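Every value quoted in this text rests on a predicted model; they were computed, and no experiment measured them.
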Amino acid sequence: MKKLLISILLANLLAACASQKPVEPEAAAPEPAPAPVAEAPAPEPALAPVVEVDPLNDPNSLLAKRSTYYPFDVSVVQEADKPIVQAHAKYLSEHPNRKVRLEGNCDERGSNEYNLGLGNRRANGVKQMLLLGGARESQIETVSYGEEKPRCTDHNEACWKQNRRTDIRY
């Protein structure tokens, strides 16, 4: 008897859970197709305005690098820094209204007079590369600070290496 009651109960539950099919409406007469309407051409999406960024302000540009570095007592632009100077030369040739000041610097070793001369040779070496790259003489000013404007004031090679440089200032 118990099994019979459980079977009836299960059958009722299954019947209650069964879904019913929706009744389809009787077929109506087809509606006439609407008259064709000329579609207006879709407007083209608005393009974002192109904002030209000055490459001098782009941190990913080679122009973001504004210093060349030298070994001890050397004034020739090093191979590693030549692409930087060439990029600045190209920029100056394409922007004749821009001017640059080349600041030659040295580490603290050597006399003040010697370091002023070495800083001058360093700045003039960069100037010559800029001129060869298309910059105009009127765009370039050179100055030597010798050892007077160090980036680092410690007394060791790691610090002196930072001070032996020519800075390119726009």
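The CZ atom of R66 sits 11.0 Å away from the CD1 atom of I84 when rounded to the nearest 0.5 Å. Between atom CG of residue N163 and atom OH of residue Y145 there is a gap of 14.5 Å, rounded to the nearest 0.5 Å. Here SG of C106 is found 7.5 Å from CG of L116. Values are rounded to the nearest 0.5 Å. The distance from the CG atom of N105 to the NZ atom of K149 is 8.5 Å, given to the nearest 0.5 Å.
Through chains of ILVMFWY side-chain contacts below 4.5 Å, I168 is grouped with L56, L63, Y70, V77, V85, Y91, L92, V100, L102, V126, M129, L130, L131, I140, Y170.
Between E157 and K161 no salt bridge is recorded (no basic side-chain N to carboxylate O distance below 4.0 Å). Taking the charged nitrogens against the carboxylate oxygens, R122 and D167 have no contact shorter than 4.0 Å, which rules out a salt bridge. Under a 4.0 Å N-O distance rule, the pair K127/E141 does not qualify as a salt bridge. Salt bridge status for E103 with R169: present, with a side-chain N to carboxylate O gap under 4.0 Å.
Residues passing the side chain to side chain contact (heavy atoms under 4.5 Å, CB included) test with T153, sequence neighbours excluded: P150. Partners of F72 by side chain to side chain contact (heavy atoms under 4.5 Å, CB included), not counting sequence neighbours, listed by chain and number: D107, R109, R164. By the side chain to side chain donor-acceptor pair (under 3.5 Å) test, R136 is found to be paired with no residue, residues two or more places apart in sequence or in another chain being considered. E79 is linked by a side chain to side chain donor-acceptor pair (under 3.5 Å) to K82, counting only residues two or more places apart in sequence or in another chain.
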- When you look at S144 and R121, which way does the side chain to side chain contact (heavy atoms under 4.5 Å, CB included) test go after all the steps? CA-CA 8 Å; S144 174; R121 289 191 300 276; over 6 Å; no

- Item | Worked verdict on E148 versus N115 for side chain to side chain contact (heavy atoms under 4.5 Å, CB included) | CA-CA 9 Å; E148 300 304 316; N115 285 340; over 6 Å; no

- Task: Verify salt bridge (charged side-chain N to carboxylate O under 4.0 Å, His left out) between R165 and D81, making sure each step is shown before the conclusion.
- Result: CA-CA 11 Å; R165 69 189 190 280; D81 291 330; over 6 Å; no

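Residues S67 and R151 form a side-chain contact, since some pair of their non-hydrogen atoms from C-beta on lies under 4.5 Å apart. Looking at L62 and H88, their side chains never come closer than 4.5 Å, going by heavy atoms from C-beta outward.
The minimum heavy-atom distance between V143 and A123, with the atom names listed, is O-CB, 4.0 Å. Across every non-hydrogen atom of A135 and S93, the tightest pair is N-CB, 4.2 Å. Residues P59 and A64 share a closest heavy-atom pair of O-CB, 3.8 Å.
D154 contributes no side-chain N or O that, together with a main-chain N or O of N156, makes up a donor-acceptor pair within less than 3.5 Å.
The stretch residues 133-170 participates, sequence neighbours left out, in these disulfide bond (SG atoms under 2.5 Å apart) pairs: C152-C159.
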